[in-house]
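Note that these values count all heavy atoms, side chains included, but never hydrogens, waters or copies made by symmetry.
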Amino acid sequence: MLQAFFSSRTRVALLRLFFRNPDRKYYLREIGRILNESITPIRRELLNLKKAGLLKDVKLANLIFYEVNRDFILFDELRSMVIKAQKHELEV
């Protein structure tokens with residue numbers, strides 16, 4: 001359902017990951033393993049979501065961690081959409 005609104009399958013997967021666990025930070029390769037996706041499209045979408053303000057990054061040691069920006073103006077609305085869409089997909 002979400003792919004009808006968001007053109008990228010990877011972006012949809014990232015939105016689901018971050019909104020299911022809004023208090024968690026992830027690094028690039030970890031996300032790749034979780035989503036079973038190659039690094040290049042994940043990196044591209046992470047940068048797009050960061051540029052839009054939905055994600056922020058934090059450098060710890062030699063890793064860059066990404067986390068959802070709870071201060072993003074549409075955080076609550078987007079999270080609600082992602083969670084509702086996921087529930088609907090599970091029911092169908």
Contact summary for Phe19 and Val68, nearest pair of heavy atoms: CE2-CG2, 4.0 Å

By salt bridge (Lys or Arg N to Asp or Glu O under 4.0 Å) - contacts of Arg70 (at least two apart): Asp23

Salt bridge (Lys or Arg N to Asp or Glu O under 4.0 Å): pairs with one or both residues in residues 28-42, sequence neighbours excluded: Arg9-Glu37, Arg24-Glu30

Pairing residues for Tyr66 by the ring-ring contact (aromatic ring centres under 6.0 Å, His included) criterion, not counting sequence neighbours: none

Atom pair CD1/CD1 of Ile42 and Ile34 - distance to nearest 0.5 Å: 9.0 Å

Single-linkage hydrophobic cluster, 4.5 Å side-chain cutoff, Leu74 and Leu17 together: yes

All salt bridge (Lys or Arg N to Asp or Glu O under 4.0 Å) counterparts of Arg43, not counting sequence neighbours: none

Inter-residue atom distance Leu55.CG - Leu15.CG, 0.5 Å rounding: 8.0 Å

Approximate separation, where rounding is to 0.5 Å, of Lys51 NZ and Asn48 CG: 7.5 Å

Heavy-atom side-chain proximity of Ile64 to Leu28 below 4.5 angstrom: no

Residue list, ring-ring contact (aromatic ring centres under 6.0 Å, His included) with Phe72, at least two apart or on another chain: none

Residue pairs involving residues 34-57 (criterion ring pair (Phe, Tyr, Trp, His ring centres under 6.0 Å); sequence neighbours excluded): none

Listed partners of Lys56 passing salt bridge (Lys or Arg N to Asp or Glu O under 4.0 Å), at least two apart: none

Residue pair Ser80 / Glu77, side-chain heavy-atom distance below 4.5 Å: no

Pairwise side-chain contact, Asp57 with Leu46, heavy-atom cut-off 4.5 Å (strictly under): no

Leu63: side-chain contact (heavy atoms from CB on, under 4.5 Å) partners, not counting sequence neighbours: Tyr27, Phe65

Approximate separation, where rounding is to 0.5 Å, of Ile73 CD1 and Leu54 CG: 12.5 Å

Glu67: partners by side-chain hydrogen bond (donor to acceptor under 3.5 Å, both in side chains), with sequence neighbours left out: none

Non-hydrogen side-chain atoms of Phe18 and Leu78 separated by less than 4.5 Å: no

Pairs meeting criterion ring pair (Phe, Tyr, Trp, His ring centres under 6.0 Å) with involvement of residues 39-61, two or more places apart: none

Cluster check Leu14, Ile39: I/L/V/M/F/W/Y, side chain < 4.5 angstrom: yes

